[in-house]
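Residue numbers run from 1 in the order of the sequence given.
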Amino acid sequence: MRTYVFPIAVLWVASVASAAQAQQAGVPAQLALDEAWRLARANNPTLAAERQIVEMAQADRLGAALRPNPAITVESEGYPLFEAPRPAFWNGQEFTLRFDQEIELAGRRRLRTESAEAGVVVARAAVADAERRLRLEVQRAYFEAVLAKANRDAARAALDEITRVIELSRARVRQGETSGAELRRLEVERLRFVDDAFNDELAYQNARSALLALMGATDLAQLFDVVEPLAAPEDLRQRFDVAAASALPAAVPAPLQTEALTNRADLVAARGDVERLNTETRLQRALRTPNVTVGGGYRRDLGTNAVVFGVTVPLPLFNRNQGGVTRAEAERRRAQALAQATEIEVRLDVQRAANAVAINRARVAYIEGEYLANARQSRDIVLASYRLGAADLIDFLDAQRAFRDVQRTYNRALFEERLSLFALEAAVGGSNVPGRVPQNQE
């Protein structure tokens with residue numbers, strides 16, 4: 001009996017969650033999906049780096065709104081420093097104190113500020129898109145852990161069942177009701193179930209470590225349990241009620257398409273970049289008009305006081321910023337083309353995600369209706385018959401394997417349905433989803 005108990009004990013000990021360790025690290029011992037997303041949004045270093053883009057854009061906006069600095073000029077001319085006798089310093093030279101200010105024309109400062117404001121909008125949209133993509137990664141990592149846990153629990157249940165059957169066979173062998181060959185066959189077959197349990201435990205631990213990495217944890221060996229069910233909740237299914245007709249692509253509801261084209265952060269960023277470059281093009285055209293520098297000051301010329309006025313106007317004879325205007329117009333056209341490409345990509349993402357939701361929903365329903373209950377009932381009937389001696393070993397092993405395979409296939413189908421729902425949520429921008437963690441608004 002010790003031989004059979006040891007692998008099970010190892011698996012249970014390896015998966016025991018240490019609540020004190022998890023809570024000290026800021027990760028609850030029972031981790032829900034919303035809490036995992038909150039920790040990832042607060043601590044993920046990649047997202048933190050993306051947020052600095054907004055700070056950079058705000059710094060550009062601050063600089064764009066500033067006026068040119070004035071200039072002060074102090075000049076001393078004509079003092080006979082090397083002649084003797086030297087005259088008095090103050091009355092023996094031309095001394096000038098001048099103040100000059102450059103005046104920007106053609107609305108340069110306003111256009112510069114508008115372009116920088118549009119850059120802030122683009123930066124915020126880029127951060128929102130990074131959050132959207134990170135949320136999808138967290139959801140995938142979390143439910144990979146849920147799937148691994150479900151498979152591990154199923155493997156443990158099968159391992160417990162075959163262990164009990166082995167004990168029954170050992171009792172039969174002692175009583176002379178069956179041969180030792182059947183018992184040895186069971187013991188060999190049991191290795192497959194033990195191997196499945198170890199592999200699923202490894203998958204669960206690796207999935208938790210991947211989730212911890214997304215949450216910005218430094219200790220990737222923290223122990224916690226995921227608590228969300230593998231099956232998608234009904235409110236999420238109703239939110240994305242996508243219907244498919246036969247083999248045709250899924251019909252995407254018009255509100256989802258509208259929401260995607262309105263709220264998708266990467267599309268908002270692409271359109272914002274077009275607006276920014278429209279303003280930048282106007283700014284480059286404004287740069288063809290030169291600035292004017294006006295100034296004035298005080299001059300003392302050999303004891304005579306005077307007032308100085310001056311205006312400096314560059315003559316745009318050769319350089320009228322032709323290169324800057326041409327480049328800005330090309331960048332604007334490029335941004336327009338990229339925005340169109342992004343819109344097509346958004347539509348494609350929504351359609352692909354809708355197709356996946358429809359197919360995976362049909363797959364789950366098919367397995368539930370056609371195989372899952374039948375496989376469980378067949379396993380139970382054969383097991384009861386085997387215990388009564390009415391079924392042989394081959395029938396029991398076949399039924400057990402069939403049920404295990406169907407259960408793992410069903411778990412995978414539930415996982416794929418969940419991910420397709422999350423992918424559709426991300427494709428439409430991720431707003432107004434039940435249970436969604438709200439984003440900070442600046």
Side-chain angles (χ1 to χ4, degrees), residues 28 30-41 131-154 200 203-204 207-208 210-211 214 224-245 249-253 255-257 259-260 263-264 349-373 375-376 405-438:
Q30 303 294 315
L31 182 65
L33 177 59
D34 281 350
E35 180 65 14
W37 167 234
R38 186 189 68 80
L39 290 172
R41 192 168 183 268
E131 289 192 5
R132 178 185 68 88
R133 288 182 279 107
L134 176 62
R135 179 173 173 81
L136 185 58
E137 289 183 46
V138 170
Q139 290 167 334
R140 173 180 289 276
Y142 185 94
F143 275 92
E144 283 177 350
V146 173
L147 174 63
K149 180 184 177 182
N151 287 338
R152 182 203 65 180
D153 293 344
D200 291 332
Y204 185 40
R208 287 187 302 188
L211 183 58
L214 288 174
F224 61 90
D225 258 339
V226 290
V227 298
E228 301 287 346
L230 194 54
E234 195 58 33
D235 59 352
L236 188 59
R237 286 177 170 173
Q238 291 177 357
R239 156 72 174 154
F240 299 113
D241 188 13
V242 177
V252 181
L256 290 184
Q257 287 280 16
E259 185 177 343
N263 298 337
R264 182 74 174 258
D349 286 349
V350 173
Q351 186 63 60
R352 282 176 172 173
N355 292 343
V357 168
I359 295 299
N360 287 319
R361 185 170 296 173
R363 178 186 294 150
V364 168
Y366 180 74
I367 295 173
E368 286 177 347
E370 298 292 334
Y371 286 97
L372 188 62
R376 181 181 289 109
D405 292 343
V406 169
Q407 194 168 33
R408 293 175 75 90
T409 302
Y410 179 62
N411 288 343
R412 170 59 65 171
L414 290 174
F415 170 74
E416 294 294 343
E417 184 195 19
R418 267 274 188 159
L419 287 191
S420 62
L421 287 167
F422 289 143
L424 184 53
E425 172 194 342
V428 301
S431 62
N432 302 323
V433 176
R436 180 177 184 268
V437 178

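For the pair L39/P28, a side-chain contact is recorded, criterion being any heavy-atom separation below 4.5 Å from C-beta on. Proximity of Y204 to L147: side-chain heavy atoms (C-beta onward) are nowhere separated by under 4.5 Å. Looking only at side-chain heavy atoms (C-beta outward), R408 and D200 come within less than 4.5 Å of each other. Between F415 and V146 the shortest side-chain heavy-atom distance does not fall below 4.5 Å. Residues V428 and N263 fail the side-chain proximity criterion, which asks for heavy atoms closer than 4.5 Å. Counting only heavy atoms from C-beta outward, the side chains of E417 and L414 approach each other to under 4.5 Å. Side-chain atoms of L31 and V227, non-hydrogen and from C-beta on, never get closer than 4.5 Å to each other. Residues D225 and K149 form a side-chain contact, since some pair of their non-hydrogen atoms from C-beta on lies under 4.5 Å apart.
Salt bridge status for E137 with R140: absent, with no side-chain N to carboxylate O gap under 4.0 Å. With respect to the salt-bridge test (charged N to carboxylate O, under 4.0 angstrom), the residues E131 and R135 do not qualify.
Of all the heavy atoms in R132 and G429, the pair that sits closest is CD-CA, 4.4 Å. For the residue pair V138 and A40, the shortest heavy atom distance occurs at CG2-CB, 3.6 Å. Across all non-hydrogen atoms, the minimal contact from A207 to E144 is CB-C, 3.9 Å. For the residue pair A353 and A427, the shortest heavy atom distance occurs at CB-CB, 4.4 Å.
A cation-pi arrangement is absent between R418 and F422, since the terminal nitrogen or guanidinium carbon is not both under 6.0 Å from the aromatic centre and inside a 45° cone about the axis.
Once rounded to the nearest 0.5 Å, the distance linking CG of L214 with CZ of R41 reads 15.5 Å. With rounding to the nearest 0.5 Å, the separation of CH2 in W37 from CG in L136 is 10.0 Å. Here the CG atom belonging to L134 is positioned 9.5 Å from the CD atom belonging to Q139, to the nearest 0.5 angstrom. Here the OH atom belonging to Y142 is positioned 9.5 Å from the CG atom belonging to D34, to the nearest 0.5 angstrom. Between the CD atom in E425 and the CG atom in L256 there is a gap of 11.5 Å [rounded to 0.5 Å].
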- Message: Applying side chain to side chain contact (heavy atoms under 4.5 Å, CB included) to R361 and V364, what does each step give before you reach the verdict?
- Response: CA-CA 5 Å; R361 185 170 296 173; V364 168; 5.9 Å; no
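Heavy-atom neighbours of R352 CZ from other residues, nucleotides or ligands within 6.0 Å: at or below the threshold of 12.
No side-chain donor-acceptor contact under 3.5 Å links N411 and Q407.
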